[in-house]
Engineer: 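One structure coming up, written as structure tokens, with questions to follow.
It should be emphasised that the depicted structure is a prediction, and the values quoted were computed from it without experimental measurement. Counting from 1, the numbers follow the sequence of the chain as shown.
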Amino acid sequence: MTELWELTASMQARGVREGTFSAEELMRSVLDRIAQTNPQVNAFCTLNEHALEEARAADRALTRADVIGPLHGVPFSVKDLIPTAGLRTTLGSTAYADWIPSHDDVSVERMRAAGALLVGKTNTRELGYGVVTDNELFGPTRNPRKLACTAGGSSGGSAAAVAGGMGSISLGNDGGGSLRVPAALCGVFTLKPTFGVVPLYPSCRLPTRAGLGSWETLESVGPITRTVEDTALVLETIAGFDQRDRHSIPTDIRGLTARLDDGVNRLRIAWSPRLRQADVDPELIELTTRAVNALDRAGLGCEVAAADPPIGDVHELRKAFYATVARDSDLTGLRELAGRYRVSQDIQELVGKDWTAEMFTWAATRRQTLYDAVQSFMADWDLLLTPTTATAAFPIGMRNPAESAGRDWSPFAFPFNLTGQPAASVPIGTTIDGRPVGLQIVGRRLADATVLKAARAFERVLAAGPGDQPI
């Protein structure tokens with residue numbers, strides 16, 4: 001018999017709405033799953049002690065025939081970098097161990113307005129600096145598919161929560177792969193929306209605390225889920241213009257879930273397994289190539305061909321990205337923070353570098369040329385496919401795989417933060433020892449719907465979905 005926590009968000013919303021089960025029953029099922037699983041995984045760092053009370057209130061609203069939102073009664077979690085009103089938000093830092101925000105971030109505000117119920121906060125890398133999830137406050141988050149391995153980061157707690165069945169939806173954010181990398185390593189789905197499609201405020205937009213305003217020109221908030229449909233449902237909820245975010249883009253994606261099955265007919269799809277030069281684990285090349293070939297042979301009317309976007313030297317581009325992160329950061333505030341608290345090695349390295357205006361202007365110029373080159377490339381292609389990461393999950397305690405000395409294990413994600421394009425990671429299988437592998441789908445700016453339709457096509461061709469049950 002299927003447990004309520006095993007259902008997709010869409011199924012959970014329908015079940016509550018139709019009275020098949022109550023919001024309280026659903027919440028109890030998710031909380032029981034958290035109690036069973038989180039001690040091994042460490043995905044959650046804070047639980048909402050009012051979650052059951054709020055679920056009962058959701059049930060009462062149904063009996064009164066109140067206006068019901070599309071996610072009414074569905075539990076969701078939020079990465080601990082995203083402010084939540086009345087619920088501790090530590091940013092993964094000892095400096096903010098007791099911070100309780102007075103306002104929700106826009107995406108959380110909209111999820112609540114749609115009837116979703118906040119179950120808790122998920123673990124993160126300190127202030128989002130790094131693509132593994134570990135910090136001084138809560139320790140490392142483990143991969144539910146392979147407990148000895150990392151869940152990735154910095155949204156590793158969110159990816160592990162969804163992969164471990166501890167809720168069907170988690171909101172995370174992505175400034176350089178922080179949604180896509182952990183989703184790939186944990187075997188779940190995510191979309192980094194086009195920059196500006198999902199508004200952010202106050203996070204990344206109001207620097208009231210050192211580190212909170214970082215990543216301003218790079219970061220997008222997005223959902224991690226087990227299915228493409230669930231991500232589309234959440235995106236319909238959280239996307240749309242908000243005056244408080246100066247980068248917010250007016251967009252209308254209503255009816256997105258109804259259009260997911262439109263397919264990929266007549267789309268031109270480029271496949272780049274190495275971005276010309278990335279050093280990728282041969283097993284990941286084999287698995288992602290097999291998935292791309294399966295789509296090509298499925299008779300869906302799309303054209304798939306090998307083609308590399310002209311992004312230039314990936315190592316040089318990484319330096320430009322790193323300088324962009326530094327320029328977006330409050331270096332003065334972070335240096336003061338590092339002087340008062342023990343901070344991660346990633347932050348130590350950032351604040352310890354002697355940054356100059358010339359470094360920042362070089363990075364801005366390199367970003368401009370990258371954008372121009374990629375957009376010229378995308379004029380000929382509707383979508384670009386790559387592996388999501390160069391390796392699968394590696395052991396807990398490392399920032400990088402031991403075998404990757406001098407090698408960038410995550411070369412595929414960050415370029416598309418620099419360009420602001422939508423990019424998804426869809427699970428496409430596992431390595432021979434059971435570590436999940438993701439395929440990245442990149443679209444043109446504002447073509448989020450096209451990316452999701454292609455992800456849905458992969459999901460069906462590969463018989464994807466919730467997959468094997470973790471632990």
Engineer: Should the pair R226 and F189 be classed as cation-pi, given the thresholds of under 6.0 Å to the six-membered ring centre and 45° from the axis?
Structural biologist: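 No - R226 does not lie over the ring of F189 by the 6.0 Å and 45° rule.
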Engineer: Output every pair passing side chain to side chain donor-acceptor pair (under 3.5 Å) with a member in residues 151-167, not counting sequence neighbours, ordered by first then second residue.
Structural biologist: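 Residue pairs passing side chain to side chain donor-acceptor pair (under 3.5 Å), neighbours aside: K79-S154, K79-S155, T122-S158, S154-S178, S158-S170.
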Engineer: Does a salt bridge link D346 with R125, judged by any charged N lying under 4.0 Å from a carboxylate O?
Structural biologist: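 A salt bridge is present here (some side-chain N lies under 4.0 Å from a carboxylate O).
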Engineer: Excluding sequence neighbours, so at least two apart, what forms salt bridge (Lys or Arg N to Asp or Glu O under 4.0 Å) with R205?
Structural biologist: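 D245.
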Engineer: Look at the rings of F394 and W409 and say which category their plane angle falls in: under 30° parallel, 30 to 60° tilted, over 60° perpendicular.
Structural biologist: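 Ring orientation of F394 relative to W409: perpendicular.
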Engineer: Evaluate the salt bridge (charged side-chain N to carboxylate O under 4.0 Å, His left out) criterion for residues D261 and R259: first the C-alpha distance (whole Å), next the side-chain angles of each, then the deciding distance (0.1 Å), finally the verdict.
Structural biologist: CA-CA 6 Å; D261 292 326; R259 293 183 279 124; over 6 Å; no
Engineer: Who passes side chain to side chain donor-acceptor pair (under 3.5 Å) against T194, sequence neighbours left out?
Structural biologist: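 Counting only residues at least two positions away or on another chain, T194 forms a side chain to side chain donor-acceptor pair (under 3.5 Å) with D448.
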Engineer: With sequence neighbours left out, what residues match T94 under side-chain contact (heavy atoms from CB on, under 4.5 Å)?
Structural biologist: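 side-chain contact (heavy atoms from CB on, under 4.5 Å) check on T94 returns E136, L137, Y341.
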Engineer: Does the distance from a Lys or Arg side-chain N to an Asp or Glu carboxylate O, for D104 and R110, drop under 4.0 Å?
Structural biologist: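 Salt bridge between D104 and R110, a charged N being under 4.0 Å from a carboxylate O: no.
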Engineer: List the residues meeting side-chain contact (heavy atoms from CB on, under 4.5 Å) with A298, not counting sequence neighbours, and say none if there are none.
Structural biologist: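 Only L300, V461 meet the side-chain contact (heavy atoms from CB on, under 4.5 Å) criterion with A298.
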Engineer: Quick test of your reading of the model: are K121 and D80 salt-bridged, counting only N-O distances below 4.0 Å?
Structural biologist: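 D80 and K121: salt-bridged.
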Engineer: How would you list, by chain and number, every residue that makes a side-chain contact (heavy atoms from CB on, under 4.5 Å) with D32, sequence neighbours excluded?
Structural biologist: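 With sequence neighbours excluded, D32 shows a side-chain contact (heavy atoms from CB on, under 4.5 Å) to no residue whatsoever.
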